[in-house]
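So the structure is just underneath, and the comments pick up after that.
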Amino acid sequence: MQIDGWLLDILACPIDKQALLYLAEHDVLYNPRLRRSYRIRDGIPVMLADQGETVTGEQHRNLLRCAAAGGAVATLQVPLSSLLGDGSREDAA
């Protein structure tokens, strides 16, 4: 189930209050800066900080690859490239 565009315009990470990647194929909202994912259950984003999951390095790379291939939308109306750039630099380190 897709999340409405108006909701994507206002969703932010509950921890750092920054934009997220929405990966519909994986049913998650993902913060590449903190490497935290938030599940979408029955079309409802679970945006509680204690419900977020820390992802492994491999999961992080896979999510960024999917996003770079066009499988993601950024929240808060930020450019997708700004979220992909942060994750790529961290991953290279």
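The chain is numbered in sequence order, starting from 1.
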Val28-Val46 co-clustered via ILVMFWY side chain contacts under 4.5 Å:
no
Got His26 and Leu21 here, is their nearest side-chain heavy-atom distance under 4.5 Å?
no
Contacts satisfying salt bridge (Lys or Arg N to Asp or Glu O under 4.0 Å) that involve residues 64-77 (not counting sequence neighbours) are none
Flag, side chain of Ser37 to backbone of Tyr30, donor-acceptor distance under 3.5 Å:
no
Go through the structure and list residues passing side chain to side chain contact (heavy atoms under 4.5 Å, CB included) with Val78, not counting sequence neighbours.
Ala19, Ala74, Leu76, Ser82, Leu83
Under 3.5 Å, which donor-acceptor pairs link side chains of residues 8-16 to any protein atom two or more places apart or in another chain?
unit_1: Asp9; atom_1: OD2; unit_2: Gln77; atom_2: NE2; d: 3.1
unit_1: Asp16; atom_1: OD1; unit_2: Gln18; atom_2: N; d: 3.0
unit_1: Asp16; atom_1: OD1; unit_2: Asn31; atom_2: ND2; d: 3.3
unit_1: Asp16; atom_1: OD1; unit_2: Arg33; atom_2: NH2; d: 3.4
unit_1: Asp16; atom_1: OD2; unit_2: Asn31; atom_2: ND2; d: 3.1
unit_1: Asp16; atom_1: OD2; unit_2: Arg33; atom_2: NE; d: 3.0
unit_1: Asp16; atom_1: OD2; unit_2: Arg33; atom_2: NH2; d: 3.3

For the student: nearest non-hydrogen atoms of Met47 and Leu20, plus distance
CE-CD1, 3.5 Å
Please name all residues satisfying side chain to side chain contact (heavy atoms under 4.5 Å, CB included) with Thr54, sequence neighbours left out, ordered by chain then number.
Arg36
Sorted by chain and residue number, the ring-ring contact (aromatic ring centres under 6.0 Å, His included) partners of Tyr38 (sequence neighbours excluded) come out as none
So, do Pro45 and Ile3 sit near enough that their side-chain heavy atoms are less than 4.5 Å apart?
yes
Within the structure provided, determine whether Arg39 and Asp27 are in side-chain contact (heavy-atom separation under 4.5 Å).
no
Side chain proximity check, Ile40 to Leu29, heavy atoms < 4.5 angstrom
yes
Gln59: what forms a side-chain hydrogen bond (donor to acceptor under 3.5 Å, both in side chains) with it, not counting sequence neighbours?
Thr56
